[in-house]
Amino acid sequence: MNNIEKLIHIDRQKLNEEFYFRSLIEEAASLGMIDEEDVENIQYQCLELLKHRIEKLNQGESSSVRVEIAEKIMTSNLYTVGIWLKTMDNADEAIKEIKKTNISLIYEKGRKRIHTKLNSARHIHMMVLKNLLKTDNYTYNATLNDGINGFFKIYNPDYEAHEIRITADYPLSIPVNNLAGIEFVLKYLENIYYENMFCACFSAEDIEHVMFGYSEDYKHLVINIYEIVLIVAIGCKIAGKKAFDLNIMPVHRKITADKLFLKSEEEIEKIVINASEELEEELNINNIYMKQYIKNSLPKVISSIINAVKLSTYENVFISKKFQELNRKFKFDYGIKMEDELYRSTVQEITQCRYSSDKLLIIKRKIKSMADMEDLLLEDELSENEINAVLQGLDMIETAALARRHDFREENKSDFSIEELKLRNCLENFITMQEENQKRLLLKTMDLMED
């Protein structure tokens with residue numbers, strides 16, 4: 001008989017994590033692990049616990065409250081008991097714990113564990129606030145500041161442990177389902193922590209421009225920023241370019257479309273997974289929990305990309321950055337030039353490269369200011385195709401700054417050097433190839449820049 005009992009196991013996957021204790025008892029009863037007498041004894045202990053908690057609420061004067069309040073306290077009690085039972089190695093061990101330990105004692109252990117989880121949630125929230133995205137998205141800011149602070153202010157672990165009492169309106173890429181109370185908030189904060197950590201790999205300005213490209217009204221939308229950034233970054237890798245600037249131009253979108261065209265869903269999935277691995281390597285992501293979060297996010301990403309391939313709506317997932325209209329003059333900072341000796345050695349290293357891809361790799365790795373980039377583009381070391389490739393890696397403001405200083409619209413070109421004319425010609429061709437709205441914005445930005 002003992003051997004038969006050892007073969008009986010409760011499948012944790014079948015249990016309701018939100019109402020864990022109740023579903024555990026129901027599953028154990030259905031499997032014959034507890035009999036009717038056991039169930040009655042458990043129910044009696046739960047009622048005794050309820051009576052004790054109500055007396056404490058009423059400061060010992062009465063054990064009577066309205067029915068709806070008693071029901072809420074009972075739900076809170078069972079939630080707290082379940083919190084402790086979840087610490088058991090498996091559900092079978094949890095049933096053994098229930099059989100040998102009074103429910104009131106299990107409750108006290110659960111209550112201490114809630115206290116520990118509450119402290120953990122406060123700590124993670126503090127880390128989240130230190131690493132908040134600099135975004136104007138209302139839902140993001142309202143949820144992570146006011147919303148979570150509101151939870152800590154009103155959470156009542158003694159009588160409403162299962163309640164959240166706030167609306168976590170900002171959606172996660174991986175939603176928190178089937179959890180309640182402090183468990184829900186703790187998991188929500190853990191998820192948003194990893195989403196913020198990933199987004200911190202990129203500049204706030206680049207993310208803002210991607211979101212503006214997603215929608216000019218994105219500040220008022222209820223959307224997940226991390227997921228949009230992740231898809232754009234993966235799109236960069238599929239296009240064979242660096243992802244650090246999140247800069248997908250129409251030419252990159254075409255390269256991506258060509259790579260995905262006529263591919264099966266399984267082939268697309270493999271391409272996306274490979275791109276995500278390349279992305280983690282480029283961004284130097286080594287945190288195993290963050291890597292796992294990205295991995296868990298991929299099914300939604302893959303589904304979005306497959307849908308875009310089917311409908312030929314690549315522009316809806318591989319979003320190009322968009323810049324808000326500028327209406328006042330401003331000065332562009334070209335940055336600080338590197339030391340002359342270091343610059344000359346970099347140019348020499350580029351000159352010695354046989355392949356354009358190697359030249360571009362050195363430029364991306366070593367040229368850190370637009371002042372040095374401008375000097376390099378005026379060297380007679382790069383072909384027009386190579387200059388065009390460099391321009392594709394710049395953002396809109398950087399391109400406009402170059403075009404302002406080397407304005408191809410000037411009519412008198414007799415005094416220009418060959419290198420100057422080549423750069424102006426490349427800038428003109430590059431800007432002319434842009435989509436109409438992007439071209440108009442580039443030209444307007446050029447005109448608003450101060451010399």
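What you see is a predicted model; the values in this text were computed from it and never measured.
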Item to check | Shortest non-hydrogen separation from Ser383 to Glu386 and the atoms involved | outcome: N-OE1, 2.9 Å
Checklist entry - Are Glu183 and Tyr188 close enough that a side-chain donor and a side-chain acceptor fall under 3.5 Å? => result no
Checklist entry - Is the number of heavy atoms from other residues, nucleotides or ligands within 6.0 Å of NZ (Lys242) greater than 12? => result no
Next on the checklist: Working to the nearest 0.5 angstrom, can you tell me the gap between Glu428 CD and Asp407 CG?
Outcome noted: 9.5 Å
Next on the checklist: Students often mix this up, so state it plainly: with edges at 30° and 60°, are the rings of Phe332 and Tyr334 parallel, tilted or perpendicular?
Outcome noted: perpendicular
Item to check | Distance, nearest 0.5 Å, that separates CG of Leu189 from NE2 of His123 | outcome: 11.5 Å
Next on the checklist: Please confirm whether the ring centroid of Tyr293 lies under 6.0 Å from the ring centroid of Tyr226.
Outcome noted: yes
Checklist entry - In this structure, are over 12 heavy atoms from other groups packed under 6.0 Å from Tyr289 atom OH? => result no
Checklist outcome for this item: Note: Asn307 and Thr313 closest approach over all heavy atoms is O-OG1, 4.4 Å
Checklist entry - If you take all heavy atoms of Pro157 and Arg111, which pair is closest and at what distance? => result CG-NH2, 3.3 Å
Checklist entry - Just checking, is any N or O donor in the side chain of Glu267 or Ser264 under 3.5 Å from an acceptor N or O on the other one? => result yes
Checklist entry - Any salt bridge between Asp447 and Arg409, counting N to O under 4.0 Å? => result yes
Checklist entry - Going from OH on Tyr20 to CD1 on Ile25, what distance comes out if it is rounded to the nearest 0.5 angstrom? => result 10.0 Å
Checklist entry - Can you find a pair of side-chain heavy atoms, one from Gln434 and one from Met249, that are under 4.5 Å apart? => result yes
Checklist entry - Which distance, rounded to the nearest 0.5 Å, do you find between the CD1 of Ile363 and the CG of Leu377? => result 7.5 Å
Item to check | Donor-acceptor side-chain pairing of Asp169 and Tyr138 below 3.5 angstrom | outcome: no
Checklist entry - Can we say Asp258 and Lys254 salt-bridge, meaning some charged N sits less than 4.0 Å from an Asp/Glu carboxylate O? => result yes
Item to check | Salt bridge Lys237-Glu277, side-chain N to carboxylate O under 4.0 Å | outcome: no
Checklist entry - Quick check, are the ring centers of Tyr193 and His125 under 6.0 angstrom apart? => result no
Item to check | Reported CG-to-CG distance for the pair Leu24 and Leu78, which is rounded to 0.5 angstrom | outcome: 11.5 Å
Checklist outcome for this item: Nearest heavy-atom approach of Val210 to Ile319 is O-CG2, 3.7 Å
Next on the checklist: Under a 4.0 Å threshold between the charged nitrogen and the carboxylate oxygen, would Glu374 count as salt-bridged to Arg405?
Outcome noted: yes
Checklist entry - Does a side-chain heavy-atom distance below 4.5 Å link Leu283 with Phe198? => result yes
Checklist entry - Do you know which two heavy atoms are closest between Tyr170 and Ile225, and how far apart they sit? => result OH-N, 2.9 Å
Checklist entry - Should the pair Glu17-Arg12 be classified as a salt bridge under the 4.0 Å nitrogen-to-oxygen rule? => result yes
Checklist entry - Is any NZ, NE, NH1 or NH2 atom of the basic residue among Lys422 and Glu384 found under 4.0 Å from an Asp or Glu carboxylate oxygen of the other? => result no
Next on the checklist: Between Lys366 and Glu349, does any side-chain N to carboxylate O distance fall below 4.0 Å?
Outcome noted: yes
Next on the checklist: What I want to find out is whether Lys109 reaches Glu97 closely enough, with some N-O distance under 4.0 Å, to be called a salt bridge.
Outcome noted: yes
Checklist entry - Salt bridge between Lys337 and Asp372, side-chain N to carboxylate O under 4.0 Å? => result no
Checklist entry - Just how far is it from atom OG of Ser345 to atom CD1 of Ile350, taken to the nearest 0.5 Å? => result 9.5 Å
Item to check | Check: Arg354 main-chain N/O paired with Asp358 side-chain donor or acceptor under 3.5 Å | outcome: no
Next on the checklist: Are Asn388 and Asn429 packed together at the side-chain level, in the sense that at least one heavy-atom pair is separated by less than 4.5 angstrom?
Outcome noted: no
Next on the checklist: Assess, by modelled atom type and distance only, whether the side chains of Arg113 and Thr87 contain a donor and an acceptor separated by less than 3.5 Å.
Outcome noted: no
Checklist entry - Are the ring centres of Tyr214 and Tyr218 closer than 6.0 Å? => result no
Next on the checklist: Just checking Glu420: does its CD atom have more than 12 heavy atoms from other residues, nucleotides or ligands closer to it than 6.0 angstrom?
Outcome noted: yes
Item to check | Min side-chain heavy-atom separation Tyr343-Glu379 under 4.5 Å | outcome: yes
Checklist entry - Is a side-chain donor-acceptor pair under 3.5 Å present for Asn296 with Gln292? => result yes
Next on the checklist: Are more than 12 heavy atoms, taken from residues, nucleotides or ligands other than Lys112, located less than 6.0 Å from that residue's NZ atom?
Outcome noted: no
Item to check | Nearest atoms (heavy-atom pairs only) where Asp245 meets Gly393 | outcome: OD2-O, 3.1 Å
Next on the checklist: Less than 4.0 angstrom from a charged side-chain N to a carboxylate O is my criterion; do Arg66 and Glu68 meet it?
Outcome noted: yes
Next on the checklist: Could you go through Glu419 and Arg424, starting from their C-alpha distance and side-chain angles, then the distance that decides it, and tell me whether this counts as salt bridge (charged side-chain N to carboxylate O under 4.0 Å, His left out)?
Outcome noted: CA-CA 9 Å; Glu419 292 79 18; Arg424 291 184 180 227; over 6 Å; no
Checklist entry - Is there side-chain contact between Asn316 and Leu311, with at least one heavy-atom pair below 4.5 Å? => result no
Next on the checklist: Between the side chains of Lys72 and Glu160, is the shortest nitrogen-to-carboxylate-oxygen separation below 4.0 Å, so that they form an ion pair?
Outcome noted: yes
Next on the checklist: When you compare the side chains of Glu195 and Asn224, does any donor N or O come within less than 3.5 Å of an acceptor on the partner?
Outcome noted: yes
Item to check | Side-chain ion pair, Lys270 and Glu266, N-O less than 4.0 Å | outcome: no
